[in-house]
Number of protein chains: 2
Amino acid sequence: MAEKVTIATVAKYAGVSRQTVSNVLNTPEVVREETRRKVYEAVEALGYRVSQAARQMRTGRSRLIATRIESTGDGINGSVLDRFLHALTETAARSGYRVILYTAADDETEIATYEDLLGTYQPDAFVLASTHHSDTRTTWLAERGLPFVTFGRPWDAPDRHLWVDVDGAAGTAAATRHLLEAGHERIGFLGWPSGSGVGDDRRQGWLRAMTAAGQDTTGLDHACLDTVAEAEAAVGALLDRDPAPTALVCASDSLALGAMQAARALDRPLAVTGFDDTPVARAIGLTSVSQPLEEAAARCVRLLTRLLDGEAEAEEPVLLQPSLVVRDTT
Amino acid sequence: MAEKVTIATVAKYAGVSRQTVSNVLNTPEVVREETRRKVYEAVEALGYRVSQAARQMRTGRSRLIATRIESTGDGINGSVLDRFLHALTETAARSGYRVILYTAADDETEIATYEDLLGTYQPDAFVLASTHHSDTRTTWLAERGLPFVTFGRPWDAPDRHLWVDVDGAAGTAAATRHLLEAGHERIGFLGWPSGSGVGDDRRQGWLRAMTAAGQDTTGLDHACLDTVAEAEAAVGALLDRDPAPTALVCASDSLALGAMQAARALDRPLAVTGFDDTPVARAIGLTSVSQPLEEAAARCVRLLTRLLDGEAEAEEPVLLQPSLVVRDTT
DNA sequence: TTGAAAGCGCTAACAT
DNA sequence: ATGTTAGCGCTTTCAA
């Protein structure tokens, strides 16, 4: 077992004082070049690493970013947040931060977790995903002046915090245009019951593209819960009507998969697009809207570091553009 | 902004010394009941929480468990580890531990990350998933006497560490028996190229069940990379042979999905089972072997806490049994 | 440019 | 059963 290497070990090895080592590490520009070099050598030779705990005691900063890991639910779409989390961990590490996890069933228990975490591990910041209407988490954090960024825009507007989001409406609009260009005219939308920020946003994109193309959308807007089974049932009923849509823009890959299965069961042609470009879409060759998750995570980290360094004045929310991954030939 | 509440604040409020507060928190049995109550009241009233950083400075323990978050890869199977991670976070929190994440592309960089983490955040333990042949990570950790548990057994045997795993062979055996009971006789296996511990284990289960049933397995064992496309191609070719299998036990849901698609494309009946009961299986009604991930995570945490409390003498590796989720009527 | 002193909040060891 | 002392490893004054 190697001896514990502290700043004192390094100082002795390099023949300088403890303080000088600290300076080299934190404010290198203030130290003479030669001394600096000697210290770096010692650090290297001894494999020294600053103890976060000790540093935190002095500075009050933990270099920890807390975020929630979701229970994957239906699972198909859950993978999106997992990919985001992976990217977040990676980019945060590059900026010298680590991600610490927690779980929470609802806003209330999540806020209780904030209190606990802030008292114990004292994360420097939070990243919140899955923002929704009347999200009490952001107000709670904002009221206390705690640094945080949301992945997902605030859907109620009052909050004035920094966020990163992907333009869902632009995604469904692109999907709609893709279908229009393929010659479809009666293009329906299958989304979630209205009232969810994300869902309504995606519906808007379809509506906008249809309107821009001069298409009538009456009777083409449908909604059901976000599961494959629900979608299958809904689309089955839909295809019985007259006139039935020839294509369907879906708010998620789950819905899209359900729609495809319904169409196949009835042996009816139906062009479908999904959302999130999940593994399922890749697997079954489904055209889907893809979110730039690595970019989103990187932007979150950037906003956060600016915030923590007190340089966030000039920073603004970020709205990223998704891309359409075309897979079928419909 | 609330004032910082330290152990001193609590002590003053309760009218006792700092040390007494610490005793109440860490060894309550040593404090008189009344004093204890007073201190608890003060803690409650002030919303006091111990600072991990300060505690860590004294005790050397961070109450942090480090684990890797994987890049989801193909994605379909990736969701298994995400669910495990969720469960791990939840059960660890219940034992007073938090999960800290890192990423790594291979064993080598992962070990470098251990060194970094141990020097900086000093996690108390590691949880490693995705064990494989000649896994250098476990030897590195074991050599240094660092506490860790693997989710996945050691496939090379030399290591003598604690692990939790799910009996994959039992899973594929159950799937095979299910198909046998449904009347199938020529039941093939579609797995990964031999050499992977997990894959070979799953193959063994099928082989064992077939042999037990007196079925000949010649020409029924197939392998390809773990993607839907590979499986689709492989199974397409397979069904052209004579005699073709009437059912296929697959080593993953990805492979199973590919197999189903190939059969449907050729309009050939083929009963298929998958592995991991991923969202995809649920979505498309695929019979699949389900791993008890919550249980696995809980066992990992239990082994770890025993290890950290120095009470692991009696602890042994844990092999959990999977269950078969029957979805179709084949 | 470098060094010495102080203290962050906690708990192990010792003293009462 | 409770209190006192010391010190974990670091950085922020302040002095040389």
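Chain A is the first sequence line, chain B the second, and so forth, proteins listed ahead of strands; every chain is numbered from 1.
Not a single ring-ring contact (aromatic ring centres under 6.0 Å, His included) links Tyr121(B) to another residue, sequence neighbours left out. By the side-chain contact (heavy atoms from CB on, under 4.5 Å) test, Thr27(A) is found to be paired with Asn23(A), Glu29(A), Val30(A), residues two or more places apart in sequence or in another chain being considered. Taking Phe126(B) as the reference, Tyr114(B) meet the ring-ring contact (aromatic ring centres under 6.0 Å, His included) condition, with sequence neighbours excluded. Annotation: side-chain contact (heavy atoms from CB on, under 4.5 Å) contacts of Ala298(A) (sequence neighbours excluded): Thr91(A). For Gln122(B), the side-chain contact (heavy atoms from CB on, under 4.5 Å) criterion is met by Ser51(A), Gln56(B), not counting sequence neighbours. Every residue meeting the side-chain contact (heavy atoms from CB on, under 4.5 Å) condition with Glu41(B), not counting sequence neighbours, appears here in chain and number order: Arg37(B).
Comparing the helix axis at one end of the helix from dT1(C)-dA16(D) to dT16(C)-dA1(D) with that at the other, each defined from 5 consecutive pairs, gives an inter-axis angle of 40° (nearest 10°).
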Practice prompt. Give the B/S/- string for nucleotides 10-16 of chain C, one per nucleotide from 5' to 3', where a protein heavy atom under 4.0 Å of the base yields B, of only the sugar-phosphate yields S, and otherwise -.
Written response: BBBB---
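If you check the side chains of Asp106(A) and Thr109(A), you find a donor sitting under 3.5 Å from an acceptor.
The salt bridge (Lys or Arg N to Asp or Glu O under 4.0 Å) analysis of residues 42-55 of chain B, with sequence neighbours excluded, yields the pairs Asp116(A)-Arg49(B).
Atom CE of Met57(B) is separated from atom P of dC10(D) by 8 Å (rounded to the nearest Å). Residue Gln122(B) contributes atom CD, which lies 10 Å from atom C1' of dG9(D) at whole-angstrom precision. Taking atom OH of residue Tyr121(B) and atom P of nucleotide dG9(D), one finds them 18 Å apart after rounding to whole Å.
DNA chain D is contacted by no residue of residues 32-40 of chain A, taking any non-hydrogen atom closer than 4.0 Å.
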Give the table of side-chain donor-acceptor pairs shorter than 3.5 Å for residues 8-18 of chain A, with sequence neighbours excluded, one pair per line with atom names and distance.
residue, atom, partner, partner atom, Å
Thr9(A), OG1, Thr6(A), N, 2.9
Thr9(A), OG1, Thr6(A), O, 3.2
Ser17(A), OG, Gln19(A), N, 3.4
Ser17(A), OG, Thr20(A), N, 3.3
Ser17(A), OG, Thr20(A), OG1, 3.1

Which donor-acceptor pairs under 3.5 Å do the side chains of residues 307-316 of chain B make with protein atoms, sequence neighbours left out?
residue, atom, partner, partner atom, Å
Glu311(B), OE1, Arg306(B), NH1, 3.2
Glu315(B), OE2, Arg306(B), NE, 2.9

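Between Thr20(B) and the phosphate of dG3(D), there is a side-chain N or O to OP1/OP2 separation shorter than 4.0 Å.
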